[in-house]
Amino acid sequence: MRWGLPSAVATSLVAVEASALLSPGTALGDFTVHDADDKAFALSALRSGKAALIVFEDKDAGGQNKAFKERFGALQKTLGGKVVLLPIADVSSWNFFPAKGFVKDALRDAGKKNGITVYADWSGKGKTALSAHANLSNLVLVDKAGKVLWASAGQLTKSQEDKLLQGNPNW
């Protein structure tokens, strides 16, 4: 199977045992996020027609699914850019001076530490588009057309991690 397959086929890759955000097959709405330097990006531009794993978390959920995120990061390096990781921080409650500056510094530091860009959802539109839950790690896997293949909120079980990471030998 490939991530570009219709979502009805790809959804069998992972059993949705965690609280679902979006139903498989749903077209993901577009929204704008910002990098730590305040450059705006549309979600669709960041995906660039590729499958993506969106990790949407607030400050209280960063530790959830840490092992899974590390495993996915290692796997992503072997995929040749077929699947992109899009970490997005829910920072809508910090969109005021001087807090915004401190948050940008923290996002920049987290990105450097992990070798990735962490994007900020200052407006809350990403949280709405993803039907994300506060205080939980929200994971949304979309195919290259932007259709939801799988979504969860909260801590994944080891079994869920394995199914998601091993579900497609043809990445």
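Position 1 is the first residue of the sequence; numbering continues from there.
Between atom CG of residue N138 and atom CG of residue L136 there is a gap of 6.0 Å, rounded to the nearest 0.5 Å. From I88, atom CD1 reaches atom CG of L107 across 11.5 Å, with rounding to the nearest 0.5 Å. Atom CZ of R47 and atom CG of D143 lie 7.5 Å apart (nearest 0.5 Å). Separating the CG atom in L139 from the CD atom in E161 is a distance of 9.5 Å, to the nearest 0.5 Å. If you take CG on D35 and OH on Y119, they are separated by 6.5 Å, rounding to the nearest 0.5 Å. With rounding to the nearest 0.5 angstrom, the OG1 atom of T117 is 9.0 Å from the CG atom of L46.
Nearest heavy atoms, K127 versus A134: NZ-CB, 3.8 Å. Shortest non-hydrogen contact noted between A120 and V91 is CB-CG2, 3.6 Å. Across L43 and G29, no two heavy atoms sit closer than the pair CD2-O, 4.2 Å. Closest approach of A129 to L28, counting heavy atoms only: O-CD1, 4.2 Å.
Every side-chain contact (heavy atoms from CB on, under 4.5 Å) that L85 has, sequence neighbours left out, goes to L53, V55, F72, Q76, P87. Looking at residues two or more places apart in sequence or on another chain, you find a salt bridge (Lys or Arg N to Asp or Glu O under 4.0 Å) between K158 and D162. Residues meeting the side chain to side chain donor-acceptor pair (under 3.5 Å) test with S123, sequence neighbours left out: D121. Remark: K113 engages no residue in a side-chain contact (heavy atoms from CB on, under 4.5 Å) (not counting sequence neighbours). Taking D30 as the reference, S44 meet the side chain to side chain donor-acceptor pair (under 3.5 Å) condition, with sequence neighbours excluded. By the ring-ring contact (aromatic ring centres under 6.0 Å, His included) test, F56 pairs with no residue at all, sequence neighbours left out. Remark: S93 engages no residue in a side-chain contact (heavy atoms from CB on, under 4.5 Å) (not counting sequence neighbours). Every residue meeting the side-chain contact (heavy atoms from CB on, under 4.5 Å) condition with S92, not counting sequence neighbours, appears here in chain and number order: D90.
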Validation: residues 94-106 side-chain donor-acceptor distances under 3.5 Å, sequence neighbours left out:
| unit_1 | atom_1 | unit_2 | atom_2 | d |
| --- | --- | --- | --- | --- |
| N95 | OD1 | K100 | NZ | 3.3 |
| K104 | NZ | D38 | OD2 | 2.8 |
| D105 | OD1 | R108 | NH1 | 3.1 |

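In this structure, T157 contributes its side chain and Q160 its backbone to a donor-acceptor pair below 3.5 Å. Using modelled atom types, no side-chain atom of N135 and backbone atom of H133 make a donor-acceptor pair closer than 3.5 Å.
Residue V142 is not grouped with residue I116 when hydrophobic side chains (ILVMFWY) are merged at heavy-atom distances under 4.5 angstrom, including chains of intermediate members. The hydrophobic cluster containing L156 also contains V83, counting ILVMFWY residues as joined when their side-chain heavy atoms lie under 4.5 angstrom apart, directly or transitively. V140 and F31 fall within a single hydrophobic cluster, where Ile, Leu, Val, Met, Phe, Trp and Tyr side chains are chained together by heavy-atom contacts under 4.5 Å.
Identified under the side chain to side chain donor-acceptor pair (under 3.5 Å) test for residues 54-64, with sequence neighbours left out: E57-K69, E57-S137.
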